[in-house]
Asker: 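Pasting in a structure now, in structure tokens, and then I'll have a few things to ask.
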There are 2 protein chains.
Amino acid sequence: MKEQFKLDNQLCFRLYTASRLLTQAYHPLLSEQGLTYPQYLVLMVLWEKDAQPVNDIAKRLMLETNTVTPLLKRMELQGILTRSKGLADARQVIVSLTEKGQNLQKLLTDVPIKVGSAVLCKSVTPDTVPALFGMLDDIIAKLDNQVNPHET
Amino acid sequence: MKEQFKLDNQLCFRLYTASRLLTQAYHPLLSEQGLTYPQYLVLMVLWEKDAQPVNDIAKRLMLETNTVTPLLKRMELQGILTRSKGLADARQVIVSLTEKGQNLQKLLTDVPIKVGSAVLCKSVTPDTVPALFGMLDDIIAKLDNQVNPHET
DNA sequence: AATATTTATATCGTTTGCGATACAAAATTA
DNA sequence: TAATTTTGTATCGCAAACGATATAAATATT
């Protein structure tokens, strides 16, 4: 049995598992408002800057538009946002929050704190989080560049 | 706009993105053999220890059996493994590798090295990987315990 | 032994995620 | 201007994930 194939030596399996479990930790908090985790991500993007085209949202989340489009349609059905043809560019679909979508921010105020406290542990503290963020950001940047080589 | 809702301050979004991108990095290497990343995980579990019940595989991967069962069925259709009723306990389904499943280990020999080199970067090196693994393992253990409180 | 409970898998329905492809609008080129 | 290419979204199909539920086999209880 080669060491390289041991599950305990895999970075990807750790990321995959940590991601799934952390998403599960969000689940009870978000489902109170009928939201899923990816939908919550869309909300965070739009809370930062409302009225964005589908493409910008997809880019910000590093997802493909064929993932984001159905996600947005489901959120539109829930009355969280609206999708309207762009005026400047008729190809674009501009996504805007409804009042319900804006109000969700207040209703979800304590979600970040609750989830944050659920993650804190011996090796993950306010002191070590910056290092963890740095490593994850580097990994993301490196992989993103390989899949999608950037200009310059 | 509250700081807590900024995408750039989210651990979960980083884990989610890093996990997706790293899985995508595996994709071209695994699809050569008709495999997906979760199927590759199952193979690693069975290479470590062949002939395991569905439940043990699910526990090792920290997945639910309703995720693993269809995964195993697809792999059975591909001739990678067999599913047979347990002799001791007739409720169990014992999953065993076929010769094809065993041979895949040789065919995939250089996958870990290739993916490993795709991840290495300034802040993620052989020196810092243990610290990263430690933090991810702690997060996983903490979250696992909250969802699924362990005895003792 | 008969009944109730637990355990091991499986089925069903919904939401993601993504490769491949389609299509219309905009930009570029001939 | 007409033809070509590029860009922005959407559609389709497939493989996860997972909550809720079902079913059969094993275990515990009465």
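Lettering follows sequence order; numbering is per chain, from 1.
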Asker: If the threshold is 4.0 Å, N to carboxylate O, is there a salt bridge linking Arg91(A) and Asp89(A)?
Answerer: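 Result for this pair is yes, salt bridge flagged.
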Asker: Collect all protein-nucleotide pairs involving nucleotides 5-8 of chain D in which both atoms are nitrogen or oxygen and the distance is under 3.5 Å.
Answerer:
residue	atom	partner	partner atom	Å
dT7(D)	O2	Arg91(A)	NH1	2.9
dG8(D)	OP2	Asn55(A)	ND2	3.3

Asker: Listed by chain and number, what are the ring pair (Phe, Tyr, Trp, His ring centres under 6.0 Å) partners of Tyr40(A), not counting sequence neighbours?
Answerer: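 Partners of Tyr40(A) by the ring pair (Phe, Tyr, Trp, His ring centres under 6.0 Å) criterion, ordered by chain and then number, come out as Tyr26(A).
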Asker: Within this structure, what is the CE-CG distance for the pair Met75(A) and Leu43(A), rounded to the nearest 0.5 Å?
Answerer: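 Going from the CE atom of Met75(A) to the CG atom of Leu43(A) covers 4.0 Å.
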Asker: So does Arg20(A) pair up with Asp144(B), basic N to acidic O under 4.0 Å?
Answerer: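 Salt bridge absent between Arg20(A) and Asp144(B).
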Asker: Looking only at the side chains, is there a donor atom on one of Asn103(A) and Lys100(A) sitting less than 3.5 Å from an acceptor on the other?
Answerer: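 There is no such pair between these side chains.
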Asker: For Tyr37(A) and Ile94(B), take the nucleotide of DNA chain C holding the closest heavy atom to each; which residue's nucleotide lies nearer the 5' end?
Answerer: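 Per heavy-atom nearest nucleotide, the more 5' residue is Ile94(B).
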Asker: Restricting to non-hydrogen atoms, name the atom on Arg14(A) and the atom on Leu136(B) that form the minimum distance, rounded to 0.1 Å.
Answerer: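 Looks like CB-CD1, 3.9 Å.
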Asker: Judged by each residue's nearest nucleotide on DNA chain C, which is more toward the 5′ side, Ala88(A) or Pro38(A)?
Answerer: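 That would be Pro38(A).
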Asker: Of all residues at least two apart in sequence or in a different chain, which pass the side chain to side chain contact (heavy atoms under 4.5 Å, CB included) check with Thr82(B)?
Answerer: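 Per chain and number, Thr82(B) pairs via side chain to side chain contact (heavy atoms under 4.5 Å, CB included) with Ser96(B), Thr98(B).
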Asker: Test salt bridge (charged side-chain N to carboxylate O under 4.0 Å, His left out) on Lys73(A) and Glu76(A); report intermediate values, then the result.
Answerer: CA-CA 5 Å; Lys73(A) 283 191 169 177; Glu76(A) 185 183 32; over 6 Å; no
Asker: Measure the distance from CG on Leu77(B) to P on dA16(D) and round it to the nearest whole Å.
Answerer: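 From Leu77(B) CG to dA16(D) P: 12 Å.
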Asker: What's the spacing between Thr128(B) OG1 and Phe133(B) CZ if we round to 0.5 Å?
Answerer: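 Going from OG1 on Thr128(B) over to CZ on Phe133(B), the span is 10.0 Å.
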Asker: With heavy atoms of chain B within less than 4.0 Å as the criterion, where does contact along DNA chain C begin and end?
Answerer: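 Nucleotide range with atoms under 4.0 Å of chain B: dT7(C) to dC18(C).
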Asker: Tell me: CD of Gln24(A) to C1' of dA16(D), nearest whole Å?
Answerer: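 Value for this atom pair: 14 Å.
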Asker: How many whole angstroms separate atom OH of Tyr26(B) from atom C1' of dA15(D)?
Answerer: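 After rounding, the gap between these two atoms is 19 Å.
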Asker: What residues form a side chain to side chain contact (heavy atoms under 4.5 Å, CB included) with Leu29(A), not counting sequence neighbours?
Answerer: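 Listed in chain order: Val111(A), Lys114(A), Val115(A).
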Asker: Which of residues 63-74 of chain A have a heavy atom under 4.0 Å from DNA chain C?
Answerer: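 Heavy-atom contacts with DNA chain C come from Leu63(A), Asn66(A), Thr67(A), Leu71(A), Arg74(A).
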Asker: For Leu97(A) versus Trp47(A), what's the shortest heavy-atom pair and its separation?
Answerer: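 So the minimum-distance heavy-atom pair works out to CD1-CD1, 3.5 Å.
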